[in-house]
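Sequential numbering from 1 along the given sequence is applied to the chain's residues. As the structure is a prediction and not an experimental result, all values here were calculated from the model.
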Amino acid sequence: MIQRGLYLCVNHGYRLLKLDQRVAVKPTPIIAKKQYDHVFFDGDFDGADLGTIVCSVHCPSCNENAMRIGIREFLGNKVQTLISEKLLSEEEVLANGIADKYTFGDFLNYVTKLGGTAEYVVAECGNCNARLLVVASVRETQPARYMVALNGVWIIT
């Protein structure tokens, strides 16, 4: 079951949802193949800028809706949590390119093609009601230079 978020983002054509049971994803053409695919911010920012950085995402189901999701919505929602809470299997995450597994000793993380921690939102398209898993990441590429990239969009079944 998916619970509806507390608010509707009317001007942006989507509704944020919260997962509360296991889901599966369908493969999609909206996915980063190389490190710098789908970069939507490159520069210096601080906490105040988090409200202005947005990712424009087209719904892969209807291709009619361009949702503008703020980067603030992604932060703290790690793909690793989806796996640890058994909402999505590690096999699905790796096979569908949602994230890559990164280990160093006992440290485990799931990262995007950009190299940052894979973070997600679950959104419902305001046009066709498709439920979408949208994954992005933030990475400091040089001192005080950050990149933010969309890793991909998957339809949730």
Side-chain angles (χ1 to χ4, degrees), residues 1-85 87-88 92-93 96-100 109-141 145-157:
M1 173 175 228
I2 295 181
Q3 294 179 341
R4 299 209 181 275
L6 297 176
Y7 56 94
L8 171 65
C9 301
V10 177
N11 295 334
H12 304 297
Y14 68 94
R15 201 174 293 158
L16 291 178
L17 306 174
K18 181 177 178 347
L19 294 179
D20 63 359
Q21 78 177 43
R22 185 166 171 68
V23 296
V25 295
K26 291 182 185 178
T28 180
I30 305 173
I31 186 171
K33 302 285 187 209
K34 295 182 267 178
Q35 184 175 16
Y36 298 111
D37 286 353
H38 310 299
V39 170
F40 60 91
F41 179 81
D42 182 356
D44 179 22
F45 72 86
D46 59 22
D49 296 325
L50 289 178
T52 62
I53 301 170
V54 296
C55 176
S56 182
V57 177
H58 283 81
C59 174
S61 179
C62 68
N63 206 24
E64 296 292 322
N65 191 6
M67 299 169 276
R68 294 178 46 83
I69 303 172
I71 189 62
R72 183 180 306 239
E73 304 299 339
F74 292 92
L75 300 179
N77 298 321
K78 296 180 180 183
V79 168
Q80 185 170 353
T81 304
L82 291 176
I83 296 167
S84 66
E85 292 180 357
L87 298 172
L88 199 59
E92 282 183 293
V93 168
N96 287 293
I98 295 170
D100 297 321
N109 195 16
Y110 293 87
V111 297
T112 65
K113 294 291 184 215
L114 183 64
T117 297
E119 297 180 284
Y120 73 94
V121 295
V122 176
E124 180 180 67
C125 175
N127 187 54
C128 70
N129 296 328
R131 298 172 302 166
L132 308 171
L133 175 66
V134 184
V135 178
S137 69
V138 177
R139 178 172 173 228
E140 186 174 21
T141 57
R145 178 184 176 194
Y146 294 85
M147 285 189 171
V148 186
L150 173 69
N151 200 54
V153 181
W154 293 265
I155 298 171
I156 296 174
T157 57

Using atom types as modelled, flag every donor-acceptor pair under 3.5 Å from a side chain in residues 147-157 to any protein atom, sequence neighbours excluded.
residue: Asn151; atom: OD1; partner: Lys113; partner atom: N; Å: 3.1
residue: Asn151; atom: ND2; partner: Gly97; partner atom: O; Å: 3.2
residue: Asn151; atom: ND2; partner: Ile98; partner atom: O; Å: 2.9
residue: Trp154; atom: NE1; partner: Asn96; partner atom: O; Å: 3.2
residue: Thr157; atom: OG1; partner: Ala24; partner atom: O; Å: 3.3

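Applying the side-chain hydrogen bond (donor to acceptor under 3.5 Å, both in side chains) definition to pairs two or more places apart or across chains, none involves residues 32-41.
Using a 4.5 Å heavy-atom threshold, the side chains of Val121 and Ile69 count as touching. With a 4.5 Å cut-off on side-chain heavy atoms, Val134 and Tyr120 do not count as touching. Put simply, the side chain of Leu132 does not reach to within 4.5 Å of the side chain of Glu124, judged on heavy atoms. Looking only at side-chain heavy atoms (C-beta outward), Leu19 and Leu82 come within less than 4.5 Å of each other.
We find that Arg22 and Glu92 are joined by a salt bridge, their nearest charged nitrogen and carboxylate oxygen being less than 4.0 Å apart.
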- Take Met67 and Cys59 through the side chain to side chain contact (heavy atoms under 4.5 Å, CB included) test and state the conclusion after the steps. CA-CA 8 Å; Met67 299 169 276; Cys59 174; 4.1 Å; yes
- Message: Walk me through whether Val122 and Leu16 qualify under side chain to side chain contact (heavy atoms under 4.5 Å, CB included).
- Response: CA-CA 6 Å; Val122 176; Leu16 291 178; over 6 Å; no
- Message: side chain to side chain contact (heavy atoms under 4.5 Å, CB included) for Leu88 and Leu133? Distances and angles first, verdict last.
- Response: CA-CA 11 Å; Leu88 199 59; Leu133 175 66; 4.0 Å; yes
- Take Ile83 and Tyr110 through the side chain to side chain contact (heavy atoms under 4.5 Å, CB included) test and state the conclusion after the steps. CA-CA 10 Å; Ile83 296 167; Tyr110 293 87; 3.5 Å; yes
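When every heavy atom of Thr28 is checked against every heavy atom of Pro60, the shortest pair comes out as OG1-CB, 3.7 Å. Closest approach of Arg131 to Leu17, counting heavy atoms only: CG-CD1, 4.0 Å. Here the closest heavy-atom approach between residue Tyr14 and residue Gly70 is recorded as OH-N, 4.3 Å. Closest of all the heavy-atom pairs between Phe40 and Val54 is CD1-O, 3.2 Å. When all heavy atoms of Val111 and Gly115 are compared, the pair lying nearest together is CG1-O, 3.9 Å. Pairing each heavy atom of Ser137 with each of Thr117, the nearest pair is CB-O, 3.1 Å.
Considering NZ of Lys78 and CG of Leu75, their distance stands at 10.5 Å, rounded to 0.5 Å. Atom-to-atom distance recorded for Thr81:OG1 and Glu85:CD is 6.0 Å, nearest 0.5 angstrom. Here Asn65 contributes atom CG and His58 contributes atom NE2; the two are 8.5 Å apart, rounded to the nearest 0.5 Å.
With hydrogens and angles ignored, the 3.5 Å screen pairs a side-chain donor or acceptor of Glu119 with a backbone N or O of Gly76. Arg139 places a side-chain N or O within 3.5 Å of a backbone atom of Leu114 that can act as its donor or acceptor partner.
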